[in-house]
There are 2 protein chains.
Amino acid sequence: MTVSRVLRTPDKVRPETCRRVQAAIRKLGYVPDEAAGALSSRRSRIIGALVSTLGGSFFASTVDGLSQTLREQGYQLLLATTNYTPEIEADSIAAMLARRPDGLVLTSTQHTDMANRLLKRARIPIVELWELPEAPIDSAVGFSNRAAGNAMTEFLADAGHKGIGFIGRSSPFDRRGQLRRAGYKDALAARSLHAPRVASVAGLGDDPSAGASGLAHLLMRWEDTTAVFCASDSIALGALSEARRRGLRVPDDIAIAGFGDFEMASENGLALTTVRVPGFAIGEEAARLVLRRGNGEATHKRIVDLGFQIVRRMTA
Amino acid sequence: MTVSRVLRTPDKVRPETCRRVQAAIRKLGYVPDEAAGALSSRRSRIIGALVSTLGGSFFASTVDGLSQTLREQGYQLLLATTNYTPEIEADSIAAMLARRPDGLVLTSTQHTDMANRLLKRARIPIVELWELPEAPIDSAVGFSNRAAGNAMTEFLADAGHKGIGFIGRSSPFDRRGQLRRAGYKDALAARSLHAPRVASVAGLGDDPSAGASGLAHLLMRWEDTTAVFCASDSIALGALSEARRRGLRVPDDIAIAGFGDFEMASENGLALTTVRVPGFAIGEEAARLVLRRGNGEATHKRIVDLGFQIVRRMTA
DNA sequence: GAGGGCAATGTTAGCGATAACATAAATAAA
DNA sequence: TTTATTTATGTTATCGCTAACATTGCCCTC
């Protein structure tokens, strides 16, 4: 018991005793068993996180932010990837709940009924990321993809473009992409510019080839398109490469805007005009929020909007 | 006890009993407590993984591979990021060992003494990734960064280049980068081409600005440089952008090669000539290896070389 | 029909920590 | 000095599972 106190509440132990215990710990190489501690205290100091994938650039920095902040607070991160599959997500949620995490962080937006039931029953703080749902399961940290899509389209229109296309993935699981597209349509309608010009490329995840074929499609169908807004920077890269292949000057012949402000979009990289989203900060804030809610500080905002930012560079 | 058997070894329970238990489980919303199970059975079904960062593109897909394979085998992934800091790594190792993981996966190559002591004492399988150390702590999955650096330099020399530069980060913690550079130097020496031309850009992690300033540096110092080998695709992107800024044609005036075969390097992206490394496969194989070793199958290879591949595209 | 073998289920005793309470020692107050 | 109060440490029971062993009932064999 004294050892337990030395580790958890050293100020309740006489300094001299404390020292002796520490010495013994070092000498024996004792490493406390957190699983036993969790069983007894009913606090696991584990936070679970579910992401669709880390590869696609969007969530990697969010997980970095999460992991870093949790570590600073003495928590650990249990991670699972769902590969965009709701069934895998549901299984992973069940598996995580079996570890009795003190909170759960989700980046997907679609849950199976089973998943929803499990989450409701769990009675732990749950934070949804990268979007601001109307009715979050518990709380959410992110920004409005729809507003961001709208803002970038407005930006392009303000620059004088009269024909603005959109390139995105058509996956029904990518609700955020759909929302950006909805924002794009909102802006067109608000300005009564023209009917939406959307290139929906089949497939999961973003990659440059979608941008290349998307741009080709747009230019064939609507010749007078002078600007395209891509649902991610990866797609924008593909569009950029297709434009170059066609001998089009960017941004003079065709303006190209991305989404995400990935590393490659930077001034010394593609110098891509894009929407900067606070990926790392979302992770940090999610960690803080889930821990605060776990400590019963229920007074906090349930929906945290971290905003976004149009970054004007050379391509639009 | 019967419930436990239904969950772990259903074939030891009469089908009828099995069904009744399952029904009760569903009705009650029972979720077993794995922490208690781990305490009792001394198997946690958790594998810990330590990476420097997920943001830099290199490790994200490895973690994807790990996570996916572990899930398929009924294991869970405890993840920590070390931010390139050995002290944080040591702390994180200690924190992970407190969860009694069934194995540990490391992507860093430098460990503090404390970390090494902890790892030795832990008596669990440990897999090091992304390099093939001479004396692994336990076992390793990766490829030879030195051989890869050598191969790409050979490739450029074979293409007729007489002045070949190298751009990389100078961080002492990035041992893999150093090894690629060593491979570059090996190749130059083997062909007695010229003294190494290295642009070492200060800072942690790769980003395009390093490539831009690196290329500027190389061209200023050694005017007759016609090819550069970059320690990562991100750096290569920066070099590409600097070349364009200077009006140099790629690859005619200057050939540029990267490392990693990130998504952006693809045919429809930068079409970058680069070294493809099996990031995802490393994660998968690490998961398999750590589980096999945990099951006492000690007969397996301790060092798994997954190789690399020169991918010739448009920039060199 | 006694004994051996097997399959299905039950019982007991931990795993290693901590919450809650009990005690002992040290200090303050009356 | 005696009693109250605080501070430091010790005891006990428990968290929810599973390893190991015990029991029950059934079928089979000789």
Side-chain angles (χ1 to χ4, degrees), chain A residues 1-46 48 73-76 78 94-103 118 121-124 294-296, chain B residues 1-46 48 73-76 78 94-103 118 121-124 294-296:
Chain A
M1 198 58 230
T2 300
V3 176
S4 176
R5 272 192 278 255
V6 168
L7 263 42
R8 296 273 178 226
T9 51
D11 46 316
K12 302 211 168 196
V13 179
R14 195 156 48 101
E16 153 65 8
T17 315
C18 213
R19 240 173 286 122
R20 276 167 49 216
V21 171
Q22 306 262 26
I25 285 177
R26 256 193 304 282
K27 191 158 123 200
L28 302 170
Y30 168 77
V31 179
D33 186 326
E34 289 271 3
L39 184 60
S40 174
S41 69
R42 291 146 175 296
R43 304 191 68 222
S44 63
R45 298 175 176 276
I46 283 181
Q73 306 286 326
Y75 278 72
Q76 283 178 282
L78 201 58
M96 285 201 166
L97 291 178
R99 300 284 173 190
R100 302 293 187 265
D102 292 340
L118 286 168
R121 265 188 146 122
R123 313 201 154 282
I124 52 174
N295 290 335
Chain B
M1 199 57 228
T2 300
V3 175
S4 175
R5 274 192 276 255
V6 168
L7 263 42
R8 298 273 177 228
T9 50
D11 45 316
K12 303 211 166 197
V13 179
R14 195 156 48 103
E16 153 65 9
T17 315
C18 212
R19 242 172 285 124
R20 276 166 51 216
V21 171
Q22 307 261 25
I25 286 176
R26 258 194 302 281
K27 191 159 122 198
L28 301 170
Y30 168 77
V31 179
D33 186 325
E34 288 272 3
L39 184 60
S40 173
S41 69
R42 292 150 177 292
R43 304 192 68 221
S44 62
R45 296 173 176 277
I46 283 182
Q73 306 287 328
Y75 279 71
Q76 283 178 280
L78 200 58
M96 285 202 167
L97 291 178
R99 300 285 174 191
R100 303 292 187 265
D102 292 340
L118 286 168
R121 264 189 147 122
R123 313 199 154 282
I124 52 174
N295 290 335

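Because the structure is a prediction, the values reported are computed rather than measured.
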### Query
The side chain of A:Met1 lies closest to which of these nucleotides: C:dG16, D:dT11, C:dT9?
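Nearest nucleotide to the side chain: D:dT11.
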### Task
State whether the side chain of B:Arg42 and the backbone N or O of B:Leu39 hold a donor-acceptor pair below 3.5 Å, judged by distance alone.
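Checked: no pair found.
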### Task
Please lay out, stage by stage, how B:Arg100 and B:Glu34 fare under the test salt bridge (charged side-chain N to carboxylate O under 4.0 Å, His left out).
CA-CA 12 Å; B:Arg100 303 292 187 265; B:Glu34 288 272 3; over 6 Å; no
Can you tell me the distance, in whole Å, between the [atom1] atom of [X] and the [atom2] atom of [N]?
X       : N      : atom1 : atom2 : answer
B:Glu16 : C:dT9  : CD    : C1'   : 14 Å
A:Arg19 : D:dT9  : CZ    : P     : 12 Å
A:Tyr30 : C:dG16 : OH    : C1'   : 7 Å
A:Leu39 : C:dC15 : CG    : P     : 13 Å
A:Leu28 : C:dG16 : CG    : P     : 14 Å
A:Asp33 : C:dC15 : CG    : P     : 12 Å
A:Arg43 : D:dC15 : CZ    : P     : 19 Å
B:Lys12 : D:dT18 : NZ    : P     : 14 Å

### Message
Under 4.0 Å, heavy atoms only, any strand: does A:Val3 hit a base, just the sugar-phosphate, or nothing?
### Response
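No contact at all - A:Val3 keeps every heavy atom at 4.0 Å or more from the nucleic acid.
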### Task
Give one of base, sugar-phosphate or nothing for B:Arg5, where a contact means two heavy atoms less than 4.0 Å apart.
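Counting heavy atoms under 4.0 Å across all strands, the contact made by B:Arg5 includes a base.
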Mind listing the closest non-hydrogen atom pair of [X] and [Y] along with its distance?
X        : Y        : value
B:Ile124 : B:Asp102 : CB-O, 4.2 Å
A:Arg45  : A:Gly74  : CB-O, 4.0 Å
B:Arg99  : A:Ser44  : NH2-O, 2.7 Å

### Query
Quick one: on DNA chain C, does B:Cys18 or B:Arg42 contact a more 5' nucleotide (nearest heavy atom)?
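Upstream on the strand: B:Cys18.
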Taking OP1 and OP2 of [N], is either one under 4.0 Å from a side-chain nitrogen or oxygen of [X]?
X        : N      : value
A:Thr17  : D:dA8  : no
B:Ser40  : C:dG14 : no
B:Arg100 : C:dG16 : no
A:Arg14  : D:dT9  : yes

